[in-house]
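Written out below as structure tokens is the structure these notes cover.
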Protein chains: 2
Amino acid sequence: MVTLKDISKHTGLSVTQVSRAINNHNDVSEATKKKVMKAVDELGYVPNLAAKKLASKNEKSIALIVVGFEKQHSTNDMLIGIMSGVFNCTSENDTETVLYLYSEKFLKQKSYLQFCRERGVSGAILCGIKRDDPNLKELIKSDLPMVVIDIPYLTENIGSVVIDNEKYSYLATKSLIEGNRKKIGLINGSESAYVSIERKAGYLEALKDFGVEIDESLIKDGEFSRDKAKECARELVSENVDAIFCSSDLMAIGAIESIKELGKNIPEDIAIFGFDGIALVDYITPNISTIRQNSYDKGYKASDLLIQHLKNKTPMRVVKSDCEVCIQQSSEAKKK
Amino acid sequence: MVTLKDISKHTGLSVTQVSRAINNHNDVSEATKKKVMKAVDELGYVPNLAAKKLASKNEKSIALIVVGFEKQHSTNDMLIGIMSGVFNCTSENDTETVLYLYSEKFLKQKSYLQFCRERGVSGAILCGIKRDDPNLKELIKSDLPMVVIDIPYLTENIGSVVIDNEKYSYLATKSLIEGNRKKIGLINGSESAYVSIERKAGYLEALKDFGVEIDESLIKDGEFSRDKAKECARELVSENVDAIFCSSDLMAIGAIESIKELGKNIPEDIAIFGFDGIALVDYITPNISTIRQNSYDKGYKASDLLIQHLKNKTPMRVVKSDCEVCIQQSSEAKKK
DNA sequence: TTGAAAGCGCTAACAA
DNA sequence: TTGTTAGCGCTTTCAA
């Protein structure tokens, strides 16, 4: 292994000066820098991050903690999006990202906090976390700066990146109404989930604004499950809805299956609108109208928020990530 | 930050002895261990990995290098599978995994080798790599032990994890023949791709074994693209095939779309068989018959191979990961 | 079974 | 602009 000492010997300069040259400090003569760089090339020097980290207080790194992924799951594409957003932003900022894939199925998993401490990260990004995660509480108490994705949270040193669920549910519902749908069902997630509450609110708001009567019996709880959504859709069909807004694409897929099984046509008889924008929506027939989240953007913004906070003491915020209203075949307008 | 020194002061023992106790060396009295552990708890000591790494030659870590992921892509579920396999195996073996998401779109990306050196990893797992990747050549020359996923490779210190493409293509084709299909087209990947060559071989082998005439005009190059596969499928339909084996699920989806557009029924008129087993296959109507790869297993085995080699000098191998022949609606047997 | 001392590769005062 | 010195938190000889 080539070390600074080797460069030092090779150039006749002190180790300190070599270190300064390599890190491009401005109190080093151009001549020295050149000489050092030449030696670096010749000897193939590569810095030792562990040593840097140990010696310097400001070797920057953050943890990306990912929970609730599955081996083979249709929503994993969003995860990769978030990850690449985070990694790209950190690499632009010369910050190291350490990934913690947390699964209780894995042996020897440690708490989020311990993971962060061991690695001496200066902040963390949390993704896929549930509000009541006990590990989360511990992290929060530790006052390590962190950014939570998808749960609005805001304190001195905790920020978040979220989407405006209410707004986009409103827009989805509005689009259905404008497509001449009169009886619009909702297959929501689980009642306790934060996003479900918001998405339901947007749906109700739109109905109200456009003078569509609200009928509680058209609101079902699909528990974010494809199978549960199939059931809900069956019930809604028997209620003669002509549109269903689903609080997730996965549930929209279930609904579509049900409706097809019942011999109804989409979108002629019933329009479907999903939420999330997973890759699947473009592979299903009919293509599913959806609210397309920008996972990459969420990851990037989370990382940016954290890094700005770390670097410049920028106050934490609740940052919004925009979505795209993506109207496809499944919700084409009905002829009057 | 609580350090060994703090524990040392708190217990009256030397730093050395505290270190030994914490690492559970056997030349430490039970009494001391107890005393130290108590202090660890009380003070909330967490080891500093950077320091460990620097001080000890055998602090184990490996790099997982992932190339060619995309922000939002339907095959990302396989990636997550591999990642969780790797992380799980390494965590069982007290080995640190450092992830390198490599994308040329990111700024400031460094070579795989430099990444590995900076972190002082003792081995690497490569995933999504192309044979002609220039960064790969450099890594290979460095003789860092590594395991390549999906490309058969074998040297003193390079192993690989692959699936038996030929065997499973054979089985897929056989299954189509046994379903009374007489004229079976192939939509292959790209001619130069290693997996395509193998998959084609398996297809041909099966035809030969079962006495089905080989017709080169039924073999198309779909370039692993959904759109290209749509074209190929159109051509094959005009050739009156009654089955198409697609070298990837993504292409199978394209083929299905084409066939539906042409007013043909699946599987009545034409059976479809895919390859890969991405999450999508269970969401398409009809569900696609496929060769389901076990991504988790691939990741786990890659990691295991590398770790065994590192620990016990186990020779490198070309390890096979099994697939599951998964027969669904799209290839149900035709009535004679 | 224990402790003193050296050193892993690097950065950062402080002096010169 | 440069070099000397100390030290980050840990492991590991070596000697007791």
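Each chain gets a letter, A, B and so on, in the order its sequence line appears, and its residues count up from 1.
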Worked check of side-chain contact (heavy atoms from CB on, under 4.5 Å) between B:Leu79 and B:Asn76: CA-CA 5 Å; B:Leu79 248 183; B:Asn76 281 342; 4.1 Å; yes
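- Contact annotation: A:Asn48 side-chain N/O to C:dC8 OP1/OP2 distance is not under 4.0 Å.
- Separating the OG atom in B:Ser61 from the NZ atom in B:Lys52 is a distance of 13.0 Å, to the nearest 0.5 Å.
- Residue B:Thr16 places a side-chain atom within donor-acceptor reach of the base of D:dT12, judged by atom type and a 3.5 Å distance cut-off alone.
- In this structure, CZ of B:Arg117 is placed 14 Å from P of C:dG9, rounded to the nearest angstrom.
- Look at CD on B:Glu59: it is 8 Å from P on D:dT11, rounded to the nearest Å.
- Taking only side-chain atoms of B:Arg20, from C-beta outward, the nucleotide of C:dT11, C:dG3, C:dT1 with the closest atom is C:dG3.
- Residue A:Lys52 places at least one side-chain N or O under 4.0 Å from the OP1 or OP2 atom of C:dT11.
- Straight-line distance from the OH atom of B:Tyr45 to the C1' atom of D:dG9: 7 Å, rounded to whole Å.
- Protein atom NZ of B:Lys57 is 12 Å distant from nucleotide atom C1' of D:dT12, rounded to whole Å.
- Distance, B:Lys53 NZ to C:dG9 P: 13 Å, rounded to whole Å.
- Using a 4.0 Å cut-off between charged nitrogen and carboxylate oxygen, B:Lys34 and B:Glu30 do not count as a salt-bridge pair.
- At a threshold of 4.0 angstrom between heavy atoms, the contacts of B:Asp6 with the nucleic acid are absent.
- Residue-level contact check: B:Asn58 touches the backbone only, with heavy atoms under 4.0 Å from sugar-phosphate atoms and none from bases.
- For B:Ser14, the listed nucleotide lying nearest its side chain is C:dG3; candidates were C:dC10, D:dT11, C:dG3.
- Between A:Gln17 and B:Thr3, it is A:Gln17 whose nearest contact on DNA chain D lies nearer the 5' terminus.
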For residues 124-137 of chain A, which side-chain donor-acceptor pairs fall under 3.5 Å, sequence neighbours excluded?
residue, atom, partner, partner atom, Å
A:Asp133, OD1, A:Asn135, N, 2.8
A:Asp133, OD2, A:Tyr112, OH, 2.5
A:Asn135, ND2, A:Tyr102, OH, 3.3

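- Closest contact between the side chain of A:His25 and the listed nucleotides D:dC10, C:dT11, C:dA12 involves C:dA12.
- When the C1' atom of C:dC8 is taken as reference, atom CG of B:Leu49 falls 15 Å away, rounded to whole Å.
- The pair A:Asp94-A:Lys60 does not count as a salt bridge, with every side-chain nitrogen at least 4.0 angstrom from each carboxylate oxygen.
- Remark on the helix from C:dT1-D:dA16 to C:dA16-D:dT1: inter-end axis angle 30°, axes from five-pair C1' superpositions, rounded to 10°.
- Relative to the six-membered ring of B:Phe115, B:Arg117 misses at least one condition, a distance below 6.0 Å or an angle of at most 45° to the axis.
- Taking only side-chain nitrogens and oxygens, B:Ser56 never comes nearer than 4.0 Å to OP1 or OP2 of D:dC10.
- When each of B:Leu13 and B:Ala51 is assigned the nucleotide of DNA chain C bearing its nearest heavy atom, the one mapping closer to the 5' terminus is B:Leu13.
- Relative to the side chain of B:Pro47, the nucleotides C:dG3, D:dG9, D:dC10 differ in distance, and D:dC10 lies closest.
- If you check every strand for non-hydrogen atoms under 4.0 Å, A:Asp27 touches a base.
- Of the listed nucleotides (C:dG7, D:dG7, C:dT2), C:dT2 has the atom at the smallest distance from the side chain of B:Thr32.
- The residues A:Arg119 and A:Glu96 are annotated as not salt-bridged, no charged nitrogen and carboxylate oxygen being separated by less than 4.0 angstrom.
- The side chain of A:Leu54 lies closest to D:dG9 when the candidates are C:dT2, D:dG9, C:dA12.
- Taking atom CD of residue A:Glu30 and atom P of nucleotide D:dT2, one finds them 11 Å apart after rounding to whole Å.
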side-chain contact (heavy atoms from CB on, under 4.5 Å) evaluation trace for B:Lys311 with B:Ile307: CA-CA 6 Å; B:Lys311 257 196 206 161; B:Ile307 289 175; 4.2 Å; yes
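- Rounded to whole Å, the distance from NZ on B:Lys34 to C1' on C:dT1 is 16 Å.
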